[in-house]
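Take a look at the structure below.
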Amino acid sequence: ETGVTQSPTHLIKTRGQQVTLRCSSQSGHNTVSWYQQALGQGPQFIFQYYREEENGRGNFPPRFSGLQFPNYSSELNVNALELDDSALYLCASSTGGPFVVETQYFGPGTRLLVL
Amino acid sequence: QQQVKQSPQSLIVQKGGISIINCAYENTAFDYFPWYQQFPGKGPALLIAIRPDVSEKKEGRFTISFNKSAKQFSLHIMDSQPGDSATYFCAASKAAGNKLTFGGGTRVLVKP
């Protein structure tokens, strides 16, 4: 186990709704990255937070937003859910932020199903 | 644009055999190349990683071979065991940015 926890484990929403996913990073880690993993595909980078600031964003629309708190935990918010948002959402924690290449440790993910 | 291409998509190997997974990348700014193992319903777990100043790295039964000029790297799983049955992902990251770009994954099945 990596020490990265995510909640909830599973979630079912309907199209147009909003969802908030949560992540607690591994102790001592100040950087959180979020990834979306569609079924049968590799994870895709959504964005990264370092010291409560967004540092880097992948090819995702603005309805994907996030927060990082002073204790380095993080939230991923998705507005106006679409069917294609159904995926496993992974949180990964690391140290050093965007300035140093460091190993990222993944949580178990939140499985989101949009109906 | 798929910056990291992984092959094969799936692999069946007998217990005790060698599993070989290959990846190719395009961006020469990539500076860190990890491999992750993922079981169904779980998040990816780091197996082994390499940086481009090294051509090979071995940890237990897992070996990464890296060819900087060809922009390719591969994972060898020696003495494959049924417990190795999982999906394996290669990834790459730039020195600045620390964002992982993943390959499409290889589903490995080890038959007893």
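In the text below, chain A, chain B and the rest are named by the order of the sequence lines, each starting its count at 1.
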Other residues, nucleotides, ligands: >12 heavy atoms within 6.0 Å of [X] [atom1]:
X: A:Asn59; atom1: CG; answer: no
X: B:Glu59; atom1: CD; answer: yes
X: A:Arg15; atom1: CZ; answer: no
X: B:Gln9; atom1: CD; answer: no
X: A:Arg57; atom1: CZ; answer: yes
X: A:Leu39; atom1: CG; answer: no
X: A:Arg51; atom1: CZ; answer: no

Residue pair A:Pro43 / B:Leu100, side-chain heavy-atom distance below 4.5 Å: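 No, their side chains stay 4.5 Å or more apart.
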
Counting C-beta onward and ignoring hydrogens, is there a side-chain heavy-atom pair between A:Tyr35 and B:Phe102 closer than 4.5 Å? yes

Do you know which two heavy atoms are closest between B:Phe89 and A:Gln37, and how far apart they sit? CZ-NE2, 3.3 Å

Looking only at heavy atoms, which two atoms of A:Leu90 and B:Pro44 are closest? And how far apart? CD1-CD, 3.7 Å

Could you give all pairs that pass the ring pair (Phe, Tyr, Trp, His ring centres under 6.0 Å) test and reach residues 62-95 of chain A, with sequence neighbours left out? A:Phe60-A:Phe64

Which bit of A:Gln6 comes within less than 4.5 Å of chain B, counting heavy atoms only: side chain, backbone, both or neither?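 A:Gln6 has no heavy atom closer than 4.5 Å to chain B.
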
Applying a heavy-atom distance below 4.5 Å, give me the residues of residues 33-40 of chain B that approach chain A, sorted by number.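 Residues in range: B:Tyr36, B:Gln38.
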
Interatomic distance, NZ@B:Lys99 vs CD@A:Gln44, rounded to 0.5 Å, equals 9.5 Å

Indicate, with yes or no, if B:Ile21 and B:Ile50 share a hydrophobic cluster defined by side-chain heavy-atom contacts under 4.5 Å among Ile, Leu, Val, Met, Phe, Trp and Tyr.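 Yes, B:Ile50 and B:Ile21 fall within the same hydrophobic cluster.
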
